[in-house]
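A short write-up of the structure that comes next.
So that the names make sense, note that chain A is the first sequence line, chain B the second, and so on, each numbered from 1.
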Amino acid sequence: MNPEARTALLAHYDAVRRDLPWRGESDPYRILVSEVMLQQTRVDTVVRYYEPWLRRFPDVESLADADVDEVLREWEGLGYYRRARNLHAAVRAVRERPGGEFPETALELRALPGVGEYTAGAVASIAFGEVAPAVDGNVRRVLSRWFDEPEPTVSWLRARATELVHLTRPGDWNQALMELGAVVCTPRNPKCAVCPVSKWCAARAAGSQAERPVRARKPRVRAVDMLLVVLQCDGRVLLVRRPDGGLLGGMWAFPESEMTLGAGAGPTPTEEMEAEIATVVRGLDAAIVGPPLPLETVVHRFTHLHVTYRPYIMKATATVADGSGRAWVSASEAGALAIPVAQRRVLDQLTWEVR
DNA sequence: AACGCGGGGTC
DNA sequence: GACCCAGCGTT
């Protein structure tokens with residue numbers, strides 16, 4: 001493609017690359033862990049999770065042996081919890097391979113759960129030196145500007161990235177492109193003055209870099225009021241396990257019900273709220289022995305959802321048999337479970353008095 | 001191609 | 001408050 005530009009970018013990467021925990025790593029398991037954690041997640045966030053994760057799950061064997069609950073607990077706060085479940089399944093799949101050997105090609109890696117086009121290329125190039133492209137959001141933006149392509153398609157990106165990838169240092173090349181996008185070729189106010197490839201950049205020449213790639217239309221955010229039912233009995237509260245497939249899948253949370261009454265919920269529950277609480281409690285095969293009392297509301301923003309959690313606490317009889325999907329937990333037991341951040345904030349309001 | 005899926009940093 | 005991040009799986 002353009003040997004001069006590639007040399008300039010690699011030289012820039014060598015000179016200024018950040019010192020990250022996984023930099024220079026050669027263990028494919030560790031590289032896979034870092035790449036999965038980095039999916040849709042900022043470097044600064046991943047840095048806080050990476051090393052604790054490796055202390056708990058240092059290799060394929062230890063992660064494959066672990067229970068999914070431990071895996072989710074270690075992932076708690078990172079978001080996109082499907083990633084943790086997929087990673088867990090992926091190392092189990094690796095263990096089942098002949099000799100338990102780690103897949104070494106992008107094609108084989110791609111077959112692992114949670115490993116898509118990007119992650120397969122990244123791990124193959126970084127861990128095994130395969131000449132494979134790796135196109136993430138950063139690279140998309142860099143290439144869109146480099147070639148002044150307003151709306152790059154997946155196939156166009158794959159073609160450009162494949163042409164460009166360095167033949168002897170593919171892993172460093174892919175990381176150099178991503179690092180350029182993260183540090184220099186940023187979404188807003190790109191730092192063209194310090195960019196090592198600005199003199200080959202078509203958008204820079206046209207002055208269109210600020211508009212590349214063109215913004216996608218913004219998705220509308222839905223506002224939701226969510227009733228949370230906090231049943232308390234003998235210093236324990238009832239948590240239910242959320243369905244695997246959906247939002248916050250597999251994590252433990254308070255029983256909830258979406259309310260349509262808007263922001264009117266005050267210090268005392270409305271009749272409508274009382275009725276909804278009763279419905280939820282009935283569904284849990286429990287019985288209330290005291291009045292529902294409001295806890296502080298907790299606001300949490302998901303990407304497409306703006307949720308106001310309205311927790312009500314009440315004493316109840318622990319008539320629920322502990323099935324796999326329900327559990328009466330103490331404070332210390334709650335500490336060991338994977339619980340969504342917003343609901344952890346509700347838990348933090350509890351005093352855990354016995355009776 | 002579009003959508004669901006977390007949480008947090010940045011401007 | 002809007003944007004967006006070292007994406008993937010499903011439909």
Distance test, side-chain N/O of A/His300 to OP1/OP2 of B/dG6, below 4.0 Å:
no

Under a 4.0 Å heavy-atom cut-off, which of residues 26-56 of chain A touch DNA chain B?
A/Gln40, A/Thr41, A/Arg42

For a 4.5 angstrom cut-off between non-hydrogen side-chain atoms, does A/Met314 reach A/Ile277?
yes

Honestly curious: do A/Leu112 and A/Tyr80 fall in one hydrophobic cluster under the side-chain, below-4.5 Å linking rule?
no

note: A/Arg110, atom CZ; C/dG7, atom P; distance rounded to Å ~ 15 Å

Got a salt bridge between A/Asp172 and A/Arg23, using NZ or NE/NH1/NH2 to carboxylate O under 4.0 Å?
no

Would you call A/Arg95 and A/Asp65 a salt bridge, taking side-chain N to carboxylate O under 4.0 Å as the test?
yes

Please report the distance separating the C1' of B/dG6 from the corresponding atom of C/dC5, rounded so that it comes out in whole Å.
12 Å

A/Arg23 near the nucleic acid: base, sugar-phosphate alone, or nothing, with a heavy-atom cut-off under 4.0 Å?
base

Can you check the A/Glu211 CD to C/dC3 C1' distance for me, whole Å?
17 Å

How many whole angstroms separate atom CG of A/Asp244 from atom P of C/dG9?
16 Å

I'd like to check the ring pair (Phe, Tyr, Trp, His ring centres under 6.0 Å) partners of A/His166; sequence neighbours left out, ordered by chain and number.
none

Counting side-chain heavy atoms from CB outward, which of B/dG8, C/dA6, B/dG6 is closest to A/Leu247?
B/dG6

Specify the separation, in whole Å, of atom CD of A/Gln343 and atom P of B/dG6.
12 Å

Rounded off to whole Å, could you give me the CD-to-P distance for the A/Glu117 and C/dC8 pair?
8 Å

C/dC4, OP1 or OP2 - any side-chain N/O from A/Arg141 closer than 4.0 Å?
no

Whole-Å distance separating the OH atom of A/Tyr118 from the P atom of C/dG9
14 Å

By a strict heavy-atom criterion of less than 4.0 Å, which residues belonging to residues 66-80 of chain A are in contact with DNA chain B?
A/Gly77, A/Leu78, A/Gly79, A/Tyr80

Taken to the nearest whole Å, CZ/A/Arg82 to P/C/dC8 is 14 Å

Just say parallel, tilted or perpendicular for the rings of A/Trp22 and A/Tyr50, cut-offs at 30° and 60°.
perpendicular

Protein-nucleotide distance (A/Arg85, atom CZ; C/dC8, atom C1'), rounded to Å
15 Å

Per atom distances to the A/Met178 side chain, the nearest of B/dG7, B/dG8, C/dA6 is C/dA6

Do A/Glu179 and A/Arg17 pass the salt bridge (Lys or Arg N to Asp or Glu O under 4.0 Å) test, and can you show the C-alpha distance, the side-chain angles, and the key distance before you say yes or no?
CA-CA 8 Å; A/Glu179 181 109 347; A/Arg17 66 179 181 178; over 6 Å; no

Do A/Ser125 and A/Val131 have side-chain heavy atoms sitting under 4.5 Å apart?
no

Are A/Arg141 and A/Asn138 close enough that a side-chain donor and a side-chain acceptor fall under 3.5 Å?
yes

B/dT10, C/dC8, B/dG7: which one has an atom nearest the side-chain heavy atoms of A/Arg188?
B/dT10

